[in-house]
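Below is one structure, written out as structure tokens; the observations come after it.
In the text below, chain A, chain B and the rest are named by the order of the sequence lines, each starting its count at 1.
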There are 2 protein chains.
Amino acid sequence: MGEQIRVAIVEDDLEIRTHLAMLLENEPEITCKNLFHTVKTALASLNPDTVDVILLDISLPGTSGIEGIPLFREKLPDTEIIMLTIHQQDQFVFEALCAGASGFLTKFTPSNRIISAIKEVHNGGAPMSTKIARMVVSSFRKRTNPNLSKREKEVLNELCDGKSYKMVADALNISRDTVRSHIRNIYKKLEVNSKSEAVAKALKNRLV
Amino acid sequence: MGEQIRVAIVEDDLEIRTHLAMLLENEPEITCKNLFHTVKTALASLNPDTVDVILLDISLPGTSGIEGIPLFREKLPDTEIIMLTIHQQDQFVFEALCAGASGFLTKFTPSNRIISAIKEVHNGGAPMSTKIARMVVSSFRKRTNPNLSKREKEVLNELCDGKSYKMVADALNISRDTVRSHIRNIYKKLEVNSKSEAVAKALKNRLV
DNA sequence: CCACAAACCGCACAATTATGTGATTGTCGG
DNA sequence: CCGACAATCACATAATTGTGCGGTTTGTGG
């Protein structure tokens, strides 16, 4: 498996771009011949047979890096994307993840870490800084601030499966009026006034 | 700053427990004096002033590791929890994350990696294997399988904010009957038949 | 040019939901 | 013992929603 990992760089800053390219070309297991300064030119030139990993600046003139992700993923579905960021607690991290990025590097990452990140992402990993990893992991945490009672949590859970009053009543073996009563109390505690609002709030805030 | 990181181990297998403890005691920056074989005994003995990081077996007799996480987090809110797993693609990874775990180690992780993981989690990171990192990152990916039209996506988005037909209509500057028409089509494509069911499906499957 | 989808609008009727106002029972801590 | 709260159930009424049926207009691609 002497195959080199083919890396492309999409970065508008000439200095950073060429510096990264030289760095990567010096690594025997990596080749980096495709350099672009916009998403548009990159999309026009790249195809699935010529690139394994893209280093993509998160903020680019014209089509931004974030906006570019789905475009790359459509044309190059098997290519991994690593975002280049300046500030690592970037608000765009989650947007990039949702769009399909698999890793993050800051532009000031030491070169050996850049190399290892590229190998890691090509190997099915998700390289990122410790801070970003924690952000990502923390975003899963359930918060159960509104003191819902046990039964109320059960009812809310059923609602989050999209069930009607009647179906919840059957699932919990109580009357529909009781379900309504619980739901009323849930609405008060969550400060909402409809089922879909309650479901939205519960799922978005990970109450269930 | 010469403070050692105080680690506790909750693991029912005596051999693994003592092996880990010896390993950690040999590391100058770490101390590991608190060993337990159940969640219950650990909870009874530990308090916030005596432990920084807990290594917690994911499957324990009695109260499982997963069930133990919220208990530890309640009593020891500032203590970081690293789960010990055997199979890393464990279905329990996401449960553990939701419950509040910050890292994952397999019991066969090389010792230097165990040490670095403990330091990493104590430093605000989230140590985990490349496979788990990718699982976690991939779980953010938006999938937009049901070919919703642009407008339908917009409507679904508004619904996921908990809005009523009227509010959606106002937000998008169209009539309420048009909103209903779009919603009808969304229901067909998502194979649901109520607003809360659509919201639940959209949020759970990351369609929005 | 024609088919088709997307986006728009309307009406009618039934079902579900939201809200108000009750009530009973049991548990728990002060 | 009492107050607070969880959990249960009931009835009534108005609002919202779900669904069937019917349209027009616009843009896109074969």
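Between A/T178 and D/dT8 there is no side-chain N or O to OP1 or OP2 distance below 4.0 Å.
Residue B/K153 contributes atom NZ, which lies 11 Å from atom P of C/dA6 at whole-angstrom precision. Summarising the geometry, the separation between CZ on A/R151 and P on C/dT27 is reported as 16 Å, rounded to the nearest angstrom. Between A/L148 atom CG and D/dC5 atom C1' the separation is 14 Å, expressed in whole Å. The NZ-P distance, from B/K150 to C/dA7, rounds to 8 Å in whole Å. B/M167 places its CE atom 14 Å from the P atom of C/dA18, with the value rounded to the nearest Å. If you take CG of B/L156 and P of C/dA6, they are 15 Å apart, rounded to a whole angstrom.
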Footprint string (nucleotides 15-30 of chain D, 5' to 3'): B base within contact, S backbone only, - free, heavy atoms under 4.0 Å: --BBBBB---------
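Within 4.0 Å (heavy atoms only), B/S175 reaches sugar-phosphate atoms of the nucleic acid but no base atom. Among the heavy atoms of the strands lying under 4.0 Å from A/H182 is at least one base atom, whether or not backbone atoms are also near. Among the protein residues, A/K189 comes within range of the sugar-phosphate backbone only, with heavy atoms under 4.0 Å from sugar or phosphate atoms but none that close to a base.
Along DNA chain C, the nucleotide nearest to B/N147 and the one nearest to B/N173 differ in position, and the one closer to the 5' end is contacted by B/N147.
The line from CG of A/L97 to CE of A/M135 is 8.0 Å long, rounded to the nearest 0.5 Å.
A/K204 places a side-chain N or O within 3.5 Å of a backbone atom of B/C160 that can act as its donor or acceptor partner. Judged purely by atom type and a 3.5 angstrom limit, B/E11 uses its side chain to pair as donor or acceptor with the backbone of B/D13.
Screening B/I69, B/I132, B/I54 for a side chain to side chain contact (heavy atoms under 4.5 Å, CB included) with B/M83, the sole residue that qualifies is B/I69.
For the residue pair A/S181/A/T178, the side-chain donor-acceptor check at 3.5 Å is not satisfied. Using a 3.5 Å distance cut-off with no hydrogens or angles, the side chains of B/S102 and A/R141 do pair a donor with an acceptor. No side-chain donor-acceptor contact under 3.5 Å links B/T130 and A/E120.
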